[in-house]
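Structure, as structure tokens:
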Amino acid sequence: MCGIVGIVGVEAVNQRIYDALTVLQHRGQDAAGIMTCENGALYMRKDSGLVRDVFQQKHMLKLQGNVGIGHVRYPTAGCDNALEAQPFYVNSPYGICLGHNGNLTNARELAEVLVREDRRHLNTRSDSEVLLNVLASEMQRVGTPRVTPADIFAAVNAVYRRCRGGYAVVAMVIGHGILGFRDPNGIRPLVIGSRETPKGVEWMLASESVALDMLGFKLVRDVAPGEAVFIDERGRFYAHACVAAVRHTPCIFEFVYFARPDSIIDNISVYKARLRMGEHLAEKIKRERPDHDIDVVIPIPDTSRTSAVQVAQRLGVKYREGFIKNRYIGRTFIMPGQAERKKSVRSKLNAIDLEFRGKNVLLVDDSIVRGTTSAQIIEIAREAGARKVYFASAAPPVRYPNVYGIDMPNADELVAAGHTDEEVRQIIGADWLIYQDLPELEHAVRHDNANIQQFDTSCFSGEYVTGDITPEYLARLQGERSDSVKQQRRDAAGRAVKPVRAV
């Protein structure tokens, strides 16, 4: 999962892209990058680390121009080094920069064809670089000094024919403008915003609407599944439906965990969806334990707060903030390795003993993935004096790998895979465990005005909406992306020569 942004403005965009990336930092904490363009010249800065650490004043001053794109990275493949920080760039044709959120499910096959037939050189293992080179290869066919929006859309048409998976993309064609497109299932999000200024209209593309809000852009709409949009350097907007038959199935885990609650994705309020998750979860608790002895509901900050409030209200028990979060520690789930995740939990959360001592506590979390965080939090609650610790998940059990850009590639690392709910309860050490039901989760997220009938629920259901995921593919993915393999790659990257950086 990553965060992407692109702006075509009437004045310098460097600071605004930086600000947008800070708002999207929750989508990726491993690396950040910005590329801008002015008078046909490309300016770029990218490196490993948080946005605030990658960009200093000296870097920002060099990022000149009214057109640019930015990216924050969360590496699903575990190659967390500066070489794979985005956006990526190729100088031919025209000069194209690209930032990508998601995962190509046929990246290996595409890479082989690019090298063998398209004569493209790939410098990394990243599927984002593969996607960039597919786009560049198709745009190479234009053969004229200037490209038109029709030329660009024709190239994207070919990208759709060649690439499979879940992806949202922003790309900058140097001297021409900003391109954005989204996979035919709309799995990964991408929104369009605009702003009227005395000097003209400015346009913005971003992973979430909260980035638009922060910069004063008005949410126009989402990029549709299978649609490409292009904004030229003069601020003229073009859109083209590249895929006629689409099946809109956005990733439901965006609403469970990844997206900020103040975002609107596919015309669905993330905040309202999480409120409804809490309502459905409370109703299930009342059905299964009508005579429950819960004294207090405590959320595991931050994502579960919205659901926990509704759980407490519907159950008629107290809601309390029992954990204080160290805001300088990153999101545990998207940390690059199991050892790092385990180490960070104790550093991130501290219990307020008075809210736990002698009480039967219901802890509410957005989901349970590997179980590491849940087990440690339950242990912290017991150390704080809780008499009983119950655990509720606003999402169903995560039992299957996610192949569309979320780091759940190995079923062996998912605590619910191959285990019953009772076995999971014992593993994490809770006195009682309850999960949301999948139909109830879908009902909570679905909204009448969104015109979405189905979601990608693959990590819960094992049903992959792109229809191309085989057991062999999952086995190969497990071999490439397990925590142990990721650690080997990080060790190798640490021994490698540092790449040359632009600014």
Side-chain angles (χ1 to χ4, degrees), residues 1-5 23-29 71-74 76 100-103 165-170 180 182-192 205-213 219 221-225 247-278 302-307 331 333-334 365-367 369 393-396 398 400-408 436 438 440-447 449-461 463-466:
M1 192 65 62
C2 300
I4 55 178
V5 60
V23 175
L24 297 175
Q25 186 77 84
H26 62 284
R27 300 186 67 87
Q29 302 167 5
H71 186 273
V72 287
R73 186 177 69 135
Y74 149 55
T76 53
H100 164 223
N101 172 31
N103 182 57
Y167 49 89
V169 174
V170 292
R182 193 178 179 196
D183 68 82
N185 293 94
I187 298 173
R188 302 268 70 90
L190 188 62
V191 298
I192 307 167
L205 302 175
S207 293
E208 296 183 32
S209 65
V210 66
L212 308 180
D213 299 338
L219 174 62
R221 61 179 178 87
D222 297 86
V223 174
R247 180 185 172 204
H248 195 181
T249 53
C251 175
I252 204 164
F253 211 73
E254 288 277 358
F255 300 92
V256 170
Y257 174 79
F258 270 104
R260 276 184 38 153
D262 44 348
S263 284
I264 296 174
I265 298 175
D266 289 314
N267 207 28
I268 298 172
S269 164
V270 177
Y271 175 76
K272 291 289 188 180
R274 290 177 184 165
L275 284 177
R276 294 190 291 266
M277 289 178 208
D302 289 315
T303 321
S304 63
R305 282 194 173 107
T306 311
S307 296
R331 298 182 87 178
F333 171 69
I334 62 176
D365 206 353
D366 52 78
S367 59
V369 181
S393 169
V398 177
Y400 303 93
N402 183 287
V403 301
Y404 302 126
I406 298 178
D407 194 18
M408 302 176 188
Q436 184 87 267
L438 181 55
E440 297 303 310
L441 174 62
E442 292 181 282
H443 188 264
V445 178
R446 187 179 294 115
H447 188 271
N449 295 333
N451 295 319
I452 296 172
Q453 301 304 314
Q454 186 179 355
F455 295 90
D456 166 53
T457 62
S458 53
C459 59
F460 306 122
S461 65
E463 299 175 2
Y464 297 94
V465 296
T466 53

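Checking side-chain atoms of S307 against main-chain N and O of M277 turns up no donor-acceptor pair under 3.5 Å. Q436 places a side-chain N or O within donor-acceptor distance of the main-chain N or O of A394, the cut-off being under 3.5 Å. Within the 3.5 Å criterion, the main-chain N or O of V445 finds no donor-acceptor partner in the side chain of E442. Judged purely by atom type and a 3.5 angstrom limit, R274 uses its side chain to pair as donor or acceptor with the backbone of F255.
One finds the CG atom of L24 at 11.0 Å from the SG atom of C2 (value rounded to the nearest 0.5 Å). Remark: R446 CZ to D266 CG distance equals 13.0 Å, nearest 0.5 Å. Between L441 atom CG and F460 atom CZ the span is 6.0 Å, to the nearest 0.5 Å. Note: D456 CG to I252 CD1 = 9.0 Å, rounded to the nearest 0.5 Å. Taking CG from N185 and CZ from R247, the interatomic distance works out to 6.5 Å, rounded to the nearest 0.5 Å. Atom OH of Y404 sits about 2.5 Å away from atom OG1 of T466, to the nearest 0.5 Å.
Applying the side chain to side chain donor-acceptor pair (under 3.5 Å) criterion to R305, with sequence neighbours excluded, gives D302, E321. The side-chain contact (heavy atoms from CB on, under 4.5 Å) search around V403 returns T105, Y464, I469, Y473, L474, L477, not counting sequence neighbours. In terms of the side-chain contact (heavy atoms from CB on, under 4.5 Å) criterion, residue partners of P189 (sequence neighbours excluded) are, by chain and number, R27, N101, E254, I265. Checked against side chain to side chain donor-acceptor pair (under 3.5 Å), T306 has no partners two or more places apart in sequence or in another chain. In terms of the side chain to side chain donor-acceptor pair (under 3.5 Å) criterion, residue partners of E440 (sequence neighbours excluded) are, by chain and number, H280. Residues passing the side chain to side chain donor-acceptor pair (under 3.5 Å) test with D183: none are found, sequence neighbours excluded.
N103 is not listed as a side-chain neighbour of Y167, based on a closest heavy-atom distance of 4.5 Å or more. The shortest distance between side-chain heavy atoms of I4 and S207 falls below 4.5 Å. Counting heavy atoms from C-beta outward, V5 and V170 have side chains that stay 4.5 Å or more apart. Residues S458 and N402 are in side-chain contact: their nearest non-hydrogen atoms beyond the backbone lie under 4.5 Å apart. When side chains are defined from C-beta on, F258 does not count as touching C251, because their heavy atoms never get closer than 4.5 Å. Between N267 and N451, every side-chain heavy-atom pair lies at or beyond the 4.5 Å cut-off. Counting heavy atoms from C-beta on, the side chains of E463 and Y400 never come closer than 4.5 Å. Taking the side chain as every heavy atom from C-beta outward, D222 and I192 never approach each other to under 4.5 Å.
I264 and S269 get closest at one heavy-atom pair: CG1-CA, 4.3 Å. Nearest heavy atom pair, residue A259 against residue V270, reads CB-CG2, 3.9 Å. Closest approach of G180 and L205 over heavy atoms only: CA-CD1, 3.7 Å. Listed here is the closest heavy atom pair of S393 and S367: OG-CA, 3.4 Å. Summarising the geometry of L438 relative to S461, their closest heavy-atom pair is CD2-CB, 4.0 Å, with the distance given to 0.1 Å.
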| Derivation of the salt bridge (charged side-chain N to carboxylate O under 4.0 Å, His left out) call for D213 and R260 | CA-CA 12 Å; D213 299 338; R260 276 184 38 153; over 6 Å; no

